[in-house]
Amino acid sequence: SNCHMRFSHLLPFEELTMNLVPRLEHVGRFVSFSGTVVRTGAVKVLEYQREFICNKCRERLIVKADYEQFHTIHPPASCPTEGCNSLKFSQVEEDKMAAIFQDYQEIKLQEQVQHLEVGTIPHCLWVVLENDLADCCKPGDDVTITGVVVRRWKPLSVGSPCDLELVLLANHVMVNNNQRASVVVTEQMITRFEEFWASHRDKPLEGRNVILANFCPQMFGLYVVKLSICLALIGGVQCTDSSGTKIRGESHLLLVGDPGTGKSQFLKYA
């Protein structure tokens, strides 16, 4: 019962792999969606199966949670036993296996900026993780998740319209952070690096300006902004002061500006 079949690395077809949030037309399809984790919920224990017993013929029925109703478990509508047709059921309490539980977690996935057009606001999608997939990623991770797109109906009330949301029921989660960090440095790259700084040995600030001029070349000027982003990308060296407190080497960057000033272009290039 603890064996789960996982599928990953789907073929790069438009019907299977996507970088944008699935739409209503994708409901019921098995797809692969790549995005960035922006929020993770707490890992909970979810009851996904419950056993009921007919009050008339004592027939036992197993009812599974309905994903489209926020995992609600309703008693059977009627007894399927021939000649019974009872409408009253009771939950089985004495059997410990009458209710089965599993780990459950919801995370919010956001579209990656590099796959969007300029000025487009990224959309988000809730993803349901179950069993061993729960607590497998954290906010900030770039992940590729394969699963089935399902609908989830929100609670109904009198006088209000029906509202539903799309959720990805995950089958496999692949964290891409390690792949992104594995950069191959060739001998040619090392030689070019040494030659560049050897030519600017006497005036290193001119070498810095050459690098800034080639950083996001579609944006003219803004050297202070480019320098800040470059320093955040390069990072620093962690150190320890005399009291034993560790000081991190990475710096945070808050990029603020009016619409149309190129913030998305800088982030996409970075």
Side-chain angles (χ1 to χ4, degrees), residues 1-8 10 16 21-33 37 39-109 123-137 143 145-173:
S1 58
N2 293 326
C3 181
H4 305 283
M5 184 176 295
R6 307 298 185 190
F7 298 92
S8 63
L10 300 185
L16 298 177
V21 169
R23 302 300 180 186
L24 191 60
E25 60 184 14
H26 301 108
V27 172
R29 295 185 183 179
F30 190 85
V31 299
S32 174
F33 176 64
V37 181
R39 183 183 301 176
T40 57
V43 179
K44 304 177 182 179
V45 177
L46 173 71
E47 180 185 8
Y48 74 97
Q49 181 174 305
R50 188 183 301 172
E51 188 173 6
F52 292 88
I53 186 171
C54 178
N55 294 343
K56 183 177 180 181
C57 67
R58 314 306 295 177
E59 175 72 17
R60 291 197 174 194
L61 302 173
I62 296 178
V63 180
K64 295 185 177 181
D66 188 0
Y67 288 104
E68 297 187 358
Q69 297 290 336
F70 285 85
H71 298 87
T72 304
I73 300 179
H74 299 284
S78 62
C79 182
T81 305
E82 186 177 357
C84 179
N85 297 326
S86 176
L87 303 178
K88 296 183 178 181
F89 298 86
S90 300
Q91 182 179 347
V92 178
E93 300 290 349
E94 65 275 7
D95 189 358
K96 295 183 178 180
M97 298 302 296
I100 300 180
F101 301 87
Q102 64 184 11
D103 292 332
Y104 175 87
Q105 184 186 26
E106 289 190 8
I107 64 174
K108 180 180 283 189
L109 221 61
H123 296 85
C124 296
L125 174 71
W126 282 103
V127 180
V128 176
L129 306 179
E130 296 178 342
N131 299 307
D132 58 309
L133 297 181
D135 201 22
C136 66
C137 56
V143 297
I145 299 180
T146 56
V148 181
V149 181
V150 297
R151 295 172 296 186
R152 190 161 62 176
W153 297 86
K154 296 185 178 180
L156 302 177
S157 58
V158 180
S160 61
C162 298
D163 192 10
L164 62 86
E165 61 179 355
L166 297 183
V167 180
L168 184 62
L169 183 59
N171 174 267
H172 180 270
V173 178

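Because only heavy atoms are used, hydrogens play no part in the values below, and waters and symmetry mates are left out as well, while side chains stay in. Fair warning: this is a prediction, and the values are worked out from it, not measured in the lab.
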Please evaluate residues Glu165 and Val167 with respect to the criterion side chain to side chain contact (heavy atoms under 4.5 Å, CB included), reporting the C-alpha separation (whole Å), side-chain torsions for both, the decisive distance (0.1 Å), and the verdict. CA-CA 7 Å; Glu165 61 179 355; Val167 180; 4.2 Å; yes
Stepwise side chain to side chain contact (heavy atoms under 4.5 Å, CB included) check, Leu129 with Cys136: CA-CA 9 Å; Leu129 306 179; Cys136 66; 4.3 Å; yes
For Leu166 and Leu24, what are the C-alpha separation, side-chain angles and deciding distance, and is it a side chain to side chain contact (heavy atoms under 4.5 Å, CB included)? CA-CA 7 Å; Leu166 297 183; Leu24 191 60; 4.1 Å; yes
Quick one: do Leu109 and Trp126 satisfy side chain to side chain contact (heavy atoms under 4.5 Å, CB included)? Show the steps, please. CA-CA 6 Å; Leu109 221 61; Trp126 282 103; over 6 Å; no
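Legend: residues meeting side-chain contact (heavy atoms from CB on, under 4.5 Å) with Phe7, ordered by chain and number and at least two apart, are Met5, Phe30, Asn171. For Glu59, there are no side-chain hydrogen bond (donor to acceptor under 3.5 Å, both in side chains) partners two or more places apart in sequence or in a different chain. The side-chain contact (heavy atoms from CB on, under 4.5 Å) check on Lys56 picks up Cys54, Cys84, Ser86, with sequence neighbours excluded. Scanning for side-chain hydrogen bond (donor to acceptor under 3.5 Å, both in side chains) contacts around Arg151 gives an empty result, with sequence neighbours left out. Qualifying side-chain contact (heavy atoms from CB on, under 4.5 Å) partners for Ser8, counting only residues two or more places apart in sequence or in other chains: His172. Applying the side-chain contact (heavy atoms from CB on, under 4.5 Å) criterion to Ile73, with sequence neighbours excluded, gives Glu47, Arg50, Phe52, Val63, Ala65.
If you take CD on Gln102 and CG on Asp132, they are separated by 10.5 Å, rounding to the nearest 0.5 Å. Rounding to the nearest 0.5 angstrom, the gap separating the CD atom in Glu51 from the CD1 atom in Ile53 is 8.0 Å.
Scanning both residues, Asn55 and Ser90, for their nearest heavy atoms gives OD1-OG, 2.8 Å. Here the closest heavy-atom approach between residue Val143 and residue Cys137 is recorded as CG1-CB, 4.2 Å. Phe33 and Pro22 make their closest contact through CD1-CD, 4.5 Å (heavy atoms, listed as atom of the first residue, atom of the second, distance).
Shown here is Arg39, whose CZ atom has no more than 12 heavy atoms of other residues, nucleotides or ligands within 6.0 Å.
Under a 4.0 Å N-O distance rule, the pair Glu106/Arg152 qualifies as a salt bridge.
Side-chain contact check for Leu46 versus Asp103: every heavy-atom pair is 4.5 Å or farther apart. Contact check for Val149 versus Val31: side-chain heavy atoms found under the 4.5 Å cut-off. A 4.5 Å side-chain heavy-atom check between Thr40 and Ile107 finds at least one atom pair inside the cut-off. Looking only at side-chain heavy atoms (C-beta outward), Val43 and Tyr104 stay at 4.5 Å or farther from each other. Proximity of Leu168 to Val148: side-chain heavy atoms (C-beta onward) are nowhere separated by under 4.5 Å. Contact annotation: the side chain of Leu16 never approaches that of Ser32 to less than 4.5 Å [non-hydrogen atoms, C-beta and beyond].
Between the Gln105 side chain and the Asp135 main chain, a donor and an acceptor come within less than 3.5 Å of each other.
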